[in-house]
**Q** 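Let me give you the structure first, and then I'll get to my questions.
Side chains included, hydrogens not; waters and symmetry mates left out as well; all remaining heavy atoms used.
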Amino acid sequence: MDVAGLAESYWMDSTEPTSYPSVIGDIQVDVAVVGGGIAGLSTAWELMRTGRSVAVLEAGRVAAGVTGYTTAKLTALHTLIYTRLAASAGAEAARLYAQSQQDAIEHVRRTAAEAGIDCEWERRAAYTYVESAGEVEKIQAEAQAAAAAGLPASFVTDTGLPYPVAGAVRVEDQAQFHPRRYLVALAETIVAGGGAVYEGTRVLGLDEGEPCRLTTESGFTITATDVVVATHYPVFDRALLFSRLVPHRELVVAAVIPAERDPDGMYITQADNTRSVRTAPYADGQRLLIVTGETFTPGAGEVGARYERLAGWTRQRFGVEEIAYRWAAQDTHTTDKIPYVGRLHPGAEHTYVATGYGGWGMSNGVMSGRLLAALIDGRPLPWTDLYDPRRLHPLREAGPFLKAQAKVAGHFVGDRLRRSRADSVDDIAPGTAAVVRVGGERCAVYRDEAGSLHALSAICTHLGCVVAFNDAERTWECPCHGSRFAIDGSVLQGPANHPLQPRSQRS
């Protein structure tokens, strides 16, 4: 892969790591929040303000998972959501969606001001654009639908981009910020306010009694009146949400540009397998150009080539020479493209979930915190029903649902029959990996640059699909539900809770 730059998120590199304790004994709180990303921390913050005792339980480090690798746009303009929503769910659904997203943006501003958080908050207009004249009509329709939903939206042909567009939806009064600065400070505020934040605490079990009981990997019990599961991909599937969520991964490259070349806005196009552009404050007289794209399913392979395409596009369109950072983001979308935020399943009384943000996790994460805290506090918001995970809309979900399940089934069966690119461990070159049969078992084998082998079971510990290798990030990924594992088998991202087990390197 011919893409230089630090292989790390700028948000992670520009902030200090957190160091909260792990749970080392049984505890009892009013509300336990599983997951320490933007949804979990936002929920904990809101609940703490209602006077409840709250504990955040994070398997890794807070704001260091999916949230630490975002693009960090705060916008209600989610590509072409409003024409689709108005057509499939009605004008009122589109209005509530816009209202809830815009409310989340303003809530970040208010929270940062109230808590004294310097998170590089900047007002920016958001654009969804096309370069082909043949696609202008759909952009005009989206501008009209977004305006009808209550957003300050208009159709434009001029933007701050250094290349022409055929047309764009422009929405005013959107924002961008430094997500780690905001969330690390929010976690500190939660603790200062009497809440608890725990890291290195993986939750494996949930008993939905009264009270609820969570069991950690270390065997400790957290007792809580209410439980919120905000783990990006739910670690508990009491409502069969796994079958209604589709994972996707996107790559990010960032380059330093002079401040006078800032395109002054947040931009996205669905062309070229998605291209999303924004900048962030950097050194004096400079901005960091952040470009996201090359959407793919985890485990699809050829990630290095995807990075090269994205970096090449960035160099060509913006005249940059060096890539300073590169990283990848992951999210899930639901079968009807509306997040699932609310009660975990039809019979749930004290368990809640937030997931399925479709690439728009910043506004949706804050929206989730607002919605769940209000629901637990007995004062549902106007858009509560819109996001209810228990909703079923067979007509508009049937096609995407069947397509998603066919893809999962294809991987579950087909990947077991597909021949490996390597016939044996001996065929694996240094710095590469393959799934090969060792002693009759499928093994995920990586050979490092020194020639040492690292062999694991190739069967995902979530629901048993065969993992595939990501050559750029050097991880094993499940193409069915997006679980990701390190070379040593440890879990990087769920829904898997258990590592890939080591295996013999030879039969």
**Q** Looking at side-chain heavy atoms only, is the closest gap between Pro179 and Met362 below 4.5 Å?
**A** yes
**Q** Donor-acceptor check, side chain of Trp383 to backbone of Leu96, threshold 3.5 angstrom: yes or no?
**A** no
**Q** So, Thr225 and Asp30: side-chain donor and acceptor under 3.5 Å apart, yes or no?
**A** no
**Q** Just verifying a value: how many Å separate Gln501 CD and Ser457 OG, rounded to the nearest 0.5 Å?
**A** 8.0 Å
**Q** Could you tell me whether a side-chain N or O of Arg343 sits under 3.5 Å from a main-chain N or O of Leu375, the two making a donor and an acceptor?
**A** no
**Q** Before accepting this row, confirm whether a basic side-chain N of the pair Glu294/Arg275 lies closer than 4.0 Å to the acidic partner's carboxylate O.
**A** yes
**Q** Passes side-chain contact (heavy atoms from CB on, under 4.5 Å), Gln176 versus Lys73? Steps please.
**A** CA-CA 5 Å; Gln176 57 190 27; Lys73 295 178 179 179; 5.7 Å; no
**Q** Take Cys480 and Cys465 through the test disulfide bond (SG atoms under 2.5 Å apart) and record every step on the way to the result.
**A** CA-CA 7 Å; Cys480 293; Cys465 289; 2.0 Å; yes
**Q** Decide side-chain contact (heavy atoms from CB on, under 4.5 Å) for Ile338 and Leu85; before the verdict, give the C-alpha distance in whole Å, the side-chain angles of both, and the deciding distance to 0.1 Å.
**A** CA-CA 9 Å; Ile338 302 172; Leu85 261 181; 3.5 Å; yes
**Q** Report yes or no: do Ser88 and Lys337 form a side-chain donor-acceptor pair below 3.5 Å?
**A** no
**Q** Scan side-chain atoms only and decide if Ser363 and Gln101 contain a donor-acceptor pair under the 3.5 Å cut-off.
**A** yes
**Q** Does the pair Val445 and Leu453 meet the rule for a side-chain contact (heavy atoms from CB on, under 4.5 Å), with working shown?
**A** CA-CA 7 Å; Val445 183; Leu453 293 170; 3.9 Å; yes
**Q** Between Asp377 and Arg52, is the closest basic N to carboxylate O distance under 4.0 Å?
**A** yes
**Q** Hey, are the side chains of Val235 and Pro495 touching, using non-hydrogen atoms and a 4.5 Å cut-off?
**A** no
**Q** Quick one: does Ser9's side chain have a donor or acceptor within less than 3.5 Å of a partner on Trp11's backbone?
**A** yes
**Q** Does a side-chain heavy-atom distance below 4.5 Å link Ile222 with Val227?
**A** no
**Q** Any sub-3.5 Å donor-acceptor pair from Thr461's side-chain atoms to His498's backbone N or O?
**A** yes
**Q** Give, for atom CG of Leu80 and atom NE2 of His78, the distance between the pair rounded to the nearest 0.5 Å.
**A** 12.5 Å
**Q** Take the angle between the ring planes of His178 and Tyr10 and call it parallel below 30°, perpendicular above 60°, tilted in between.
**A** tilted
**Q** Does a side-chain heavy-atom distance below 4.5 Å link Ile376 with Leu47?
**A** yes
**Q** Is a side-chain N or O of Thr111 found less than 3.5 angstrom from the main chain of His107, in a donor-acceptor match?
**A** yes
**Q** Could you tell me the separation between the CZ atom of Arg180 and the CD atom of Glu16, rounded to the nearest 0.5 Å?
**A** 9.5 Å
**Q** Kindly say whether Thr221 contributes a backbone atom to a donor-acceptor pair with the side chain of Thr215 at under 3.5 angstrom?
**A** no
**Q** So does Glu8 have more than 12 non-hydrogen atoms from other groups sitting under 6.0 Å from CD?
**A** yes
**Q** Nearest heavy-atom pair of Ala496 and Val491: which atoms, and what distance?
**A** O-CG1, 3.4 Å
**Q** Report yes if the side chains of Val252 and Tyr69 come closer than 4.5 Å at any heavy-atom pair, otherwise no.
**A** no
**Q** Pairing donors with acceptors under 3.5 angstrom, does anything connect the side chains of Ser100 and Tyr387?
**A** yes
**Q** Can you tell me which residue among Val34, Val23, Ile27, Val229 is in a side-chain contact (heavy atoms from CB on, under 4.5 Å) with Leu214?
**A** Val34
**Q** For a 4.5 angstrom cut-off between non-hydrogen side-chain atoms, does Phe236 reach Thr231?
**A** no
**Q** Are Leu251 and Thr292 side-chain neighbours, meaning at least one heavy-atom pair lies under 4.5 Å?
**A** no
**Q** Of all the heavy-atom pairs spanning Trp327 and Ala254, show the shortest one and how long it is.
**A** CZ3-CB, 4.1 Å
**Q** Where is the tightest heavy-atom contact between Asn497 and Val203, given as atom of each residue plus distance?
**A** ND2-O, 3.6 Å
**Q** Is the NZ or CZ atom of Arg474 both under 6.0 Å from the centre of the six-membered ring of Tyr446 and within 45° of that ring's axis?
**A** no
**Q** Main chain of Ile428, side chain of Arg447: is a donor-acceptor contact present, judged purely on distance under 3.5 Å?
**A** yes
**Q** Would a distance-only check, ignoring hydrogens and angles, find a side-chain to backbone donor-acceptor pair under 3.5 Å from Glu199 to Tyr20?
**A** yes
**Q** Report the C-alpha distance between Thr71 and Ser276 in whole Å, list the side-chain angles of each, state the deciding distance to 0.1 Å, and finish with yes or no for side-chain hydrogen bond (donor to acceptor under 3.5 Å, both in side chains).
**A** CA-CA 9 Å; Thr71 325; Ser276 172; 5.1 Å; no
**Q** Before giving the answer on side-chain contact (heavy atoms from CB on, under 4.5 Å), spell out for Phe485 and Leu456 the whole-Å C-alpha distance, their side-chain angles and the decisive distance to 0.1 Å.
**A** CA-CA 10 Å; Phe485 305 88; Leu456 307 164; 5.8 Å; no
**Q** Looking only at atom types and distance, does a side-chain atom of Arg306 sit under 3.5 Å from a main-chain N or O of Gly301, one as donor and one as acceptor?
**A** yes
**Q** Quick check for you: to the nearest 0.5 Å, what is the distance between Leu204 atom CG and Leu206 atom CG?
**A** 11.5 Å
**Q** Are more than 12 heavy atoms from other residues, nucleotides or ligands located less than 6.0 Å from atom CD1 of Ile24?
**A** no
**Q** A side-chain contact here means heavy atoms from C-beta on lying under 4.5 Å apart; do Tyr357 and Ser368 qualify?
**A** yes
**Q** Any chance the side chains of Thr43 and Tyr352 put a donor and an acceptor closer than 3.5 Å?
**A** no
**Q** Do side-chain atoms of Thr351 reach the backbone of Leu344 as a donor and acceptor pair under 3.5 angstrom?
**A** no
**Q** Roughly how far, to the nearest 0.5 Å, is the CG atom of Leu41 from the CD atom of Glu46?
**A** 11.5 Å
**Q** What are the two closest heavy atoms between Ala328 and Arg249, and how far apart are they?
**A** CB-NH2, 3.5 Å
**Q** If every non-hydrogen atom of Val467 is compared with every non-hydrogen atom of Pro479, which pair is closest and at what distance?
**A** CA-CD, 4.4 Å
**Q** Where do His232 and Gln330 come nearest, in terms of heavy atoms and distance?
**A** CE1-O, 3.6 Å
**Q** Drop me the distance from Leu245's CG to Thr335's OG1, to the nearest 0.5 angstrom.
**A** 8.0 Å
